[in-house]
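Report on one structure; see the data block that follows.
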Amino acid sequence: MRLSRYFLPTLRETPKEAEIVSHRLMLRAGMIRQHAAGIYSWLPFGLRVLARIEEIVREEQNRSGAVEILMPTMQPADLWRESGRYDDYGKEMLRIVDRHKRDILFGPTAEEVVTDIFRGFVRSYRDLPLNLYNIQWKFRDEVRPRFGVMRGREFLMKDAYSFDLDYDTARAAYNRMFVAYLRTFDRMGLKAIPMQAATGPIGGDLSHEFLILAQTGESGVFCSRKLLDLPIPGEDTDFRGDLSPIVAAWTEPYAATEEKHDAAAFEALPEADRIAARGIEVGHIFYFGTKYSQPMGASIAGPDGADRPVHMGSYGIGVSRLVGAIIEAGHDDAGIVWPDAVAPFQVGLINLKAGDPVVDVACETIYERLTKAGITVLYDDRDDSAGAKFARMDLIGLPWQLIIGPKGLQRHEVELKRRATGARETLTPDGAITRLLAV
RNA sequence: CGGGGCAUAGCGCAGUCUGGUAGCGCACCUGCUUUGGGAGCAGGGGGUCGCAGGUUCGAAUCCUGCUGCCCCGACCA
C-alpha cells in the first residue's frame, strides 16, 4: 500500500478525551474515530489489525473443532423471555421496539439464539459433541464506557457454545476451549494467564478468565511465575484426545485476580515465584450445564433413547478489546510496537527523499518485489521530511522499517530497523529483501 | 447511577474573573527553498465560541435550563 493513496489520518497531538495509552495511540495512529461514548468507526489501519486478530481466533477455534456460524445482532425478546433473562439482564441490554410494537434487543451475547438453533436441528447424542461459534458485534449499554475500544458499547466478540451429553463430555469441551485459548493468545504475542473465576449460581470450578499482563491493566493480578514459563500446546495438539493434563498443568499454579486473591496462598509461594501485576481480561470461559437448555427445551436423546437437556458451555474472546490490550502490552514512548502476528503491515518502507529519481526507483523496485513475494508493505512515498517519516513510522509501529535514502544508495546500502528493539542493519537492497523473506 | 471536570477552526490551547469587531501553535492550501529523527520563508483559507432562552446599546465572556464528552467509584467481553 502506498501511503499517498492510503487513508491514515495520524495525529501529532492526542485528543484530550483519551487518557489510557492504547486509546491515545489508536487515535494518533489513525485506527479509530469516536462518534459517541463507546462507539467507534474502525479506519483502515485499525480494521487491518482487527481482521488479523479475528483470523487468528478463527483458525484456533477451527483447529479445536468448533464450527463457525453467524448469528444476528438483533434478537427477538421472546427467546430471552424463555430463558428468563429478558427481565434479569437489566439496563445493560440495549432494547428497541420495532414498527409492529415487537420487543427486540441488540444482543449482548447469544446463548438464547444458539440454543434455538440447536433445538431446531439436533435430536441425538450421536451428533455430539458440537461447538458453534461466531465472531459478531455485541451490544452492551454500559453505564460507563471507557478506555477506548477496551470498553465500548458495541464491541466485536468471538462467542462459542458447546453442546454435550453430560458433565464429563462437557468438561472435555471446556478443556478444548481452554487449550485453544492458550494457543490463541500466545500467537498474538501475549502472555495470557488463566485464572479461576466466579461461576455464579451454577457453581463448580469450571470457569476461567484469561488475563494478559499489562502495566495499565484494569485489575490487579497475582500469580506464580511458573505460569509464564509453561509450554504452550503446539499446533499438533490432538483436540480429540484427552487435554486434561494440559489444563491441570495450567490450573495448578496459583493465579487469582484482586477480587479472588488469597493472600495466604500467594505468600506460601517462594518469593521469587510471586508475580503481582496488572491484567486485562481478554477471554472468559464457562460451563453452565442445563441453565438454558432446560427452560428452552433443548433436549437430546441419549444412548438409552430418553431425552435429556443438553449440557452447555460458553466461551468468549473480546476481539476488539484485544486490539487495545495488545497495544497496552506493546508500546514505547514513540508509539505502538505491533507483534508480528497481528501487525497491519509487516514492513514500513521509508523513502527518505521522495521525488529523487534514484531513490524513487529503488523504493518502487523493492516495494514491488516485496509485495509480489507476499509481504505486506506500507510504502511511505509522501513528500515529507525524513524526521516526520521516522516519527510517523515509529508511531504506527510496523515490525520492520526499511529505510532508503540517497546517501545510502550511493554506497548501495539500505537500512533495516526492527521496531521492537531499535536494532538496525545495513544491507544491500537485495540483502534486505532476502532478509525480510526469511523472517 | 453518585462524585468531579471540560466544551472556542481538523487537533492542542489562550481569551471568560473585569462584556466592546475571535486569537496562538500544529495541521491544511499556493509558491520557492529544503529532505538521515516531526524543515524554512512568503502568501492564503477555515470558527453561528456545544444548544436554547434571558440580561444588556452590545455576550465566547454575566444569568437560567439543557446536551455532549472525559475522569474517579459501583458494574462488565
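Hydrogens, waters and symmetry mates play no part in the numbers below; they use all other heavy atoms, side chains included. The chains referred to below are lettered A, B, ... by the order of the sequence lines, with proteins before strands, and numbering in each begins at 1.
- In this structure, Lys353(A) has no salt bridge (charged side-chain N to carboxylate O under 4.0 Å, His left out) partners at least two apart in sequence or on a different chain.
- Of the residues in residues 50-76 of chain A, not one places a heavy atom less than 4.0 Å from an atom of RNA chain B.
- If you check C41(B) for Watson-Crick or wobble pairing at under 3.5 angstrom, you find it paired to G31(B).
- To the nearest angstrom, C1' of C1(B) lies 13 Å from CD of Glu92(A).
- Tyr89(A) places its OH atom 15 Å from the P atom of C75(B), with the value rounded to the nearest Å.
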Can you check nucleotides 23-29 of chain B for protein contacts, nitrogen or oxygen pairs under 3.5 Å, and list what you find?
from	atom 1	to	atom 2	distance (Å)
G25(B)	N2	Glu13(A)	OE1	2.8

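- The side chain to side chain contact (heavy atoms under 4.5 Å, CB included) test applied to Gln75(A) returns Trp80(A), Leu105(A), Ala110(A), Val113(A), not counting sequence neighbours.
- Counting non-hydrogen atoms under 4.0 angstrom, Gly405(A) reaches a base of the nucleic acid.
- In this structure Glu154(A) satisfies the salt bridge (charged side-chain N to carboxylate O under 4.0 Å, His left out) test with no other residue, sequence neighbours excluded.
- Comparing A77(B), G12(B), G38(B) by their nearest atom to the side chain of His284(A) picks out A77(B).
- Computed from coordinates, the Arg140(A) CZ to A77(B) P distance equals 6 Å when rounded to whole Å.
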Taking distance alone, no hydrogens or angles, what donor-acceptor pairs closer than 3.5 Å link side-chain atoms of residues 393-403 of chain A to residues at least two apart or in another chain?
from	atom 1	to	atom 2	distance (Å)
Asp394(A)	OD1	Gln401(A)	NE2	2.8
Asp394(A)	OD1	Lys417(A)	NZ	3.0

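- Using a 4.0 Å heavy-atom distance criterion, Leu156(A) is classed as making no nucleic acid contact.
- In this structure, Arg95(A) fails the cation-pi test against Tyr89(A), since its NZ or CZ atom is not both closer than 6.0 Å to the six-membered ring centre and inside 45 degrees of the ring normal.
- If you measure from atom CD of Glu413(A) to atom P of G36(B), you get 17 Å, rounded to the nearest angstrom.
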The contact string for nucleotides 66-72 of chain B, one letter per nucleotide 5' to 3', using protein heavy atoms under 4.0 Å with B, S and - for base, sugar-phosphate only and none, comes out as ---SSBB
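- Annotation: side chain to side chain contact (heavy atoms under 4.5 Å, CB included) contacts of Glu13(A) (sequence neighbours excluded): none.
- Closest-nucleotide positions on RNA chain B for Thr14(A) and Lys353(A) were compared, and the one nearer the 5' end corresponds to Thr14(A).
- When both pairing distances are held under 3.5 Å, G46(B) makes no Watson-Crick or G-U pair with any nucleotide shown.
- Gly355(A) comes within 4.0 angstrom of nothing in the nucleic acid, heavy atoms only.
- Residues forming a side chain to side chain contact (heavy atoms under 4.5 Å, CB included) with Glu235(A) (at least two apart in sequence, or on another chain): Arg63(A), Arg183(A).
- Base pairing annotation: A22(B) forms no Watson-Crick or G-U wobble pair, as no partner gives both donor-acceptor distances under 3.5 Å.
- Evaluation of the ring pair (Phe, Tyr, Trp, His ring centres under 6.0 Å) test over residues 4-24 of chain A, restricted to residues two or more places apart or in two chains, returns Tyr6(A)-Phe345(A), His23(A)-Tyr40(A).
- For Arg33(A), the CZ atom is loosely surrounded, since the number of other residues' heavy atoms within 6.0 Å does not exceed 12.
- If you check every strand for non-hydrogen atoms under 4.0 Å, Asp356(A) touches nothing.
- For G53(B), the paired base is C63(B) (Watson-Crick or G-U wobble, both distances below 3.5 Å).
- Projected onto RNA chain B by closest heavy-atom contact, Ser320(A) and Lys407(A) fall at different nucleotides, the more 5' of which corresponds to Lys407(A).
- Remark: side-chain polar atoms of Glu142(A) are not paired, donor with acceptor, to backbone N or O of Arg144(A) under 3.5 angstrom.
- The distance between atom CG of Leu352(A) and atom C1' of G36(B), rounded to the nearest whole Å, is 6 Å.
- No engagement by Thr109(A) is indicated, since no non-hydrogen atom pair under 4.0 Å with the nucleic acid exists.
- For the side chain to side chain contact (heavy atoms under 4.5 Å, CB included) test, residues two or more places apart in sequence or in another chain that qualify with Arg2(A) are Ser4(A), Arg5(A), Glu364(A), Tyr367(A), Glu368(A), Tyr379(A), Asp381(A).
- Evaluation of the salt bridge (Lys or Arg N to Asp or Glu O under 4.0 Å) test over residues 74-92 of chain A, restricted to residues two or more places apart or in two chains, returns Asp78(A)-Arg81(A), Arg81(A)-Asp103(A), Glu82(A)-Arg119(A), Arg85(A)-Glu111(A), Arg85(A)-Glu112(A).
- Nucleotide C1(B) is matched to G73(B) when pairs are restricted to Watson-Crick or G-U wobble geometry with both distances under 3.5 angstrom.
- Comparing G68(B) with A27(B), their C1' atoms sit 25 Å apart, to the nearest whole Å.
- Using a 4.0 Å heavy-atom distance criterion, Val282(A) is classed as a sugar-phosphate-only contact.
- Distance, Ile135(A) CD1 to A77(B) P: 18 Å, rounded to whole Å.
- For the pair Ser385(A) and A39(B), the criterion of a side-chain N or O lying under 4.0 Å from OP1 or OP2 is met.
- Two residues are said to be in side-chain contact when any heavy atoms from C-beta on lie closer than 4.5 Å; Arg382(A) and Arg392(A) meet this criterion.
- Where stacking is scored as ring centres under 5.5 Å apart with planes under 30°, Phe390(A) does not register as stacked on the base of G36(B).
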